[in-house]
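What follows is a set of notes on a single structure, which appears directly below.
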Protein chains: 4
Amino acid sequence: MEQNQNENREKLIACAKQEFLEKGFAKASLRKISGDAGLTTGAVYFFFHDKEGLFGAIVDEPLSRIMQVLQTHFAEDAEEDLRSYQHQNGDHDAFAEQLITAMYADYDALIILLHHAGGSRYEGITERMIDMLDAYYKQLAARYAALFTGKRVNRYMLHWFSHVQINAFVHLLEHEPDSEKALEKIKPVMDCLIEGWVKYILEDDRPAG
Amino acid sequence: MEQNQNENREKLIACAKQEFLEKGFAKASLRKISGDAGLTTGAVYFFFHDKEGLFGAIVDEPLSRIMQVLQTHFAEDAEEDLRSYQHQNGDHDAFAEQLITAMYADYDALIILLHHAGGSRYEGITERMIDMLDAYYKQLAARYAALFTGKRVNRYMLHWFSHVQINAFVHLLEHEPDSEKALEKIKPVMDCLIEGWVKYILEDDRPAG
Amino acid sequence: MEQNQNENREKLIACAKQEFLEKGFAKASLRKISGDAGLTTGAVYFFFHDKEGLFGAIVDEPLSRIMQVLQTHFAEDAEEDLRSYQHQNGDHDAFAEQLITAMYADYDALIILLHHAGGSRYEGITERMIDMLDAYYKQLAARYAALFTGKRVNRYMLHWFSHVQINAFVHLLEHEPDSEKALEKIKPVMDCLIEGWVKYILEDDRPAG
Amino acid sequence: MEQNQNENREKLIACAKQEFLEKGFAKASLRKISGDAGLTTGAVYFFFHDKEGLFGAIVDEPLSRIMQVLQTHFAEDAEEDLRSYQHQNGDHDAFAEQLITAMYADYDALIILLHHAGGSRYEGITERMIDMLDAYYKQLAARYAALFTGKRVNRYMLHWFSHVQINAFVHLLEHEPDSEKALEKIKPVMDCLIEGWVKYILEDDRPAG
DNA sequence: GATGAATGAGTGTTCATTCAT
DNA sequence: AATGAATGAACACTCATTCAT
């Protein structure tokens with residue numbers, strides 16, 4: 001009865017998505033989920049071991065798809081010519097497109113991961129992504145600063161740009177459910193951020209007060 | 001024993017801050033809070049009527065201080081000369097300073113309000129602030145667009161800027177506990193945002209695809 | 001400040017009547033009562049010692065007024081000529097009038113006593129009255145039975161008549177708030193009951209199955 | 001272990017009957033009930049969903065048995081020849097027998113329903129039955145009044161007879177636990193009530209003062 | 001004469017989890 | 001593969017009552 005097994009597994013996942021969207025991880029009720037699926041809580045424990053396992057079954061794949069895109073981007077980008085950073089629109093566009101594709105592949109799951117993970121092990125995932133981006137930018141910015149004398153990296157601005165960049169995509173996801181329109185909308189945002197990054201990431205190299 | 005009365009009330013508030021910071025509104029336990037304060041749950045109900053009342057006792061004053069600053073800012077700003085918007089640094093600095101002062105007056109309370117209000121009536125307060133700012137920017141941007149022909153407001157960018165601006169302060173609060181340093185750090189952020197706003201808030205007035 | 005004392009005492013009693021009427025003794029809240037009176041629970045304890053004391057302050061006087069009427073009636077009636085029991089309308093009318101006057105002197109209090117005493121020491125007061133009446137009728141019926149041969153008292157009917165008679169007045173109180181109209185309405189009820197009593201209180205004196 | 005399942009369910013119901021009899025619905029403690037049954041409160045929620053569900057499990061079936069008898073009686077009786085109403089003893093006896101059978105099928109449950117339902121959705125069930133009977137008698141009495149000139153229905157007496165009739169059975173249940181003896185005891189009561197109804201339900205058709 | 005503070009025991013209810021079957 | 005039964009700990013909240021002041 002392989003079909004039946006998967007059917008019930010999928011039914012549980014579908015109902016769980018609904019419930020997690022409505023109540024968030026912590027307040028979601030396994031009884032409600034399994035009841036909606038025509039099953040009992042025991043079924044959840046059979047398929048997913050526990051509540052977090054069920055959450056992971058929804059959220060793990062979308063998450064790793066995104067992590068993949070980010071890491072690939074970091075690897076490629078490392079070799080860029082920084083003097084023309086801002087003008088390599090093609091690269092940035094390709095990155096944005098890949099990220100958006102990854103994000104919109106399972107829309108609900110990503111909304112759940114980013115906004116309804118409170119209480120689960122995935123809580124704070126956005127911050128962890130920001131930290132990854134921050135680490136990458138730190139090294140990029142160091143190379144950038146080396147091109148100028150009398151300039152140094154503004155650590156706070158660096159982190160803030162990572163924050164804003166990640167959240168630009170999160171914000172997009174929330175406000176534009178259609179992935180093609182999302183791609184259009186993110187363009188000026190990306191342009192604005194790149195321009196800002198280039199201009200504001202460095203500060204005069206005077207001793208801090 | 002007036003002292004004693006206030007002592008216990010304040011003790012409850014102090015322990016509640018701790019608990020709300022750790023667990024958030026929804027998962028915070030009144031028994032833990034009152035136990036930590038050396039009292040019983042009944043004491044909470046005597047002083048604050050219920051869980052939300054206790055939360056409000058922590059969070060209401062900081063919140064209204066901030067609302068005050070925002071509304072004052074909106075009122076003043078309405079008369080600005082838009083042609084020199086970007087260069088009126090004094091105004092923006094004053095606004096930032098007032099806002100930061102308001103925000104840092106009760107640091108923990110604001111962190112709780114912004115990040116640990118889930119389940120309370122204050123949930124989504126950041127979004128409500130963004131909507132306020134968005135409404136204000138909408139009208140400002142309309143006046144701005146009227147100065148140019150062939151340009152119109154990009155609604156998405158407008159909302160995104162509101163989002164980023166509010167979150168710039170939230171981000172600051174999270175990452176810089178010292179209010180004076182916070183004021184230094186927010187400056188380039190504000191500059192960057194104003195420059196971006198002026199440049200990216202309008203788009204070419206072609207019919208949308 | 002004697003005036004003030006009594007004022008507050010009366011205010012408490014008035015608010016307590018309201019609350020007992022709405023919720024009954026058990027579910028009534030002293031906090032609600034004293035709050036409505038502009039006082040605190042402590043005031044209740046000062047004036048009435050405890051919740052039952054407050055209830056008693058409302059209910060004791062009306063109760064003893066009624067007890068008085070009943071006992072007087074029992075005493076007088078003991079000497080009646082049973083052969084003309086049914087036709088002494090004047091006596092029955094006078095009794096009904098006295099009882100109704102006593103009952104309607106503090107309408108709300110009596111409603112509370114009879115219908116909202118659950119949980120208090122007064123719970124089952126109606127049954128206690130019925131038992132009093134039953135005891136009286138028992139002796140009356142014995143004398144009545146002695147007038148006939150081959151007849152004996154039907155104990156069950158005897159008790160049932162006591163029950164119905166008491167409840168006739170309770171029913172009246174519930175359904176007719178005006179004491180004059182009540183007196184009119186009770187007349188045919190009394191006639192019917194007396195007629196029934198005379199006819200059904202005795203049964204043939206055969207050994208019971 | 002089907003036995004075990006039902007065993008615990010039945011044990012809960014048995015202990016609940018005890019507790020409801022002693023304390024009434026409102027003051028009964030689920031913890032006491034489940035404790036007495038050797039279980040935890042959760043078991044109550046598994047079997048009965050909530051406190052009212054447990055109460056309903058005890059009381060619903062007896063109640064509907066009685067409602068059935070009443071409604072059947074109303075339907076049949078509607079065609080009676082009113083001129084001989086009083087003398088159709090067979091009909092009244094059959095009705096009384098059916099009602100008593102229904103009432104005594106689950107003695108404790110009915111006592112609980114009639115006397116210990118305060119706070120539950122069944123509170124006031126006796127009054128609702130009286131109103132049903134009253135509605136039925138209203139139409140019966142109208143047909144009866146049409147047989148006489150110069151007579152009209154006394155609304156108060158009509159309602160009072162409904163009240164007394166229903167309470168005759170309630171009283172019986174309270175005072176006679178044996179159903180066969182109950183049937184004997186109710187007979188003179190029924191006779192008395194029918195005789196009274198016929199004689200006192202109409203009054204002279206003079207304008208009311 | 002009355003308050004304000006606080007208690008302690010209690011309430012119904014919810015939940016993730018376990019486990020024999 | 002999944003159920004049905006049951007747990008145990010937790011929860012917010014209510015209440016009559018006490019008592020120093």
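Residue numbers start from 1 in every chain, and the chains themselves are labelled A, B, ... in the order their sequence lines are given, proteins ahead of strands.
- Atoms CZ (D:R9) and C1' (F:dA5) sit 13 Å apart, rounded to a whole Å.
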Exercise. What does nucleotides 7-14 of chain F look like as a protein-contact string, B for base, S for sugar-phosphate only, - for none, at under 4.0 angstrom between heavy atoms?
Worked result: B---BBBB

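- With sequence neighbours excluded, the residues satisfying salt bridge (charged side-chain N to carboxylate O under 4.0 Å, His left out) with C:E61 are C:R65.
- One can place CZ of D:F47 at 13 Å from C1' of F:dT3, the figure rounded to the nearest angstrom.
- Evaluation of the salt bridge (charged side-chain N to carboxylate O under 4.0 Å, His left out) rule for B:K17 yields B:D106 as partners, not counting sequence neighbours.
- In this structure, A:N8 does not reach the F:dA1 phosphate: none of its side-chain N or O atoms is under 4.0 Å from OP1 or OP2.
- The nearest whole Å value for the distance from the CZ atom in A:F48 to the C1' atom in E:dA16 is 16 Å.
- Sorted by first and then second residue, the pairs that involve residues 106-125 of chain D and meet ring-ring contact (aromatic ring centres under 6.0 Å, His included), not counting sequence neighbours, are D:F55-D:Y122, D:Y104-D:Y107.
- Sorted by first and then second residue, the side chain to side chain donor-acceptor pair (under 3.5 Å) pairs with a member in residues 28-38 of chain B read B:K32-B:D36; sequence neighbours excluded.
- The side chain to side chain contact (heavy atoms under 4.5 Å, CB included) search around B:A43 returns B:L12, B:L39, not counting sequence neighbours.
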For this session: Represent DNA chain F in dot-bracket notation, 5' to 3'. Only Watson-Crick or G-U wobble pairs with both distances under 3.5 Å count; pseudoknot-style crossings use [ ] and interstrand partners use |.
Result: .||||||||||||||||||||

Please table the atom pairs, donor to acceptor, closer than 3.5 Å between any side-chain atom in residues 124-131 of chain B and protein atoms at least two apart or in another chain.
{"unit_1": "B:R128", "atom_1": "NH2", "unit_2": "B:R121", "atom_2": "O", "d": "3.1"}
{"unit_1": "B:R128", "atom_1": "NH2", "unit_2": "B:E123", "atom_2": "O", "d": "2.9"}

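- Remark: D:T40 pairs with no residue by the side chain to side chain contact (heavy atoms under 4.5 Å, CB included) rule, at least two apart or across chains.
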For this session: Start with the C-alpha distance between B:F48 and B:I13, add both sets of side-chain angles, then the distance that settles side chain to side chain contact (heavy atoms under 4.5 Å, CB included), and finish with yes or no.
Result: CA-CA 10 Å; B:F48 308 104; B:I13 286 184; 3.7 Å; yes

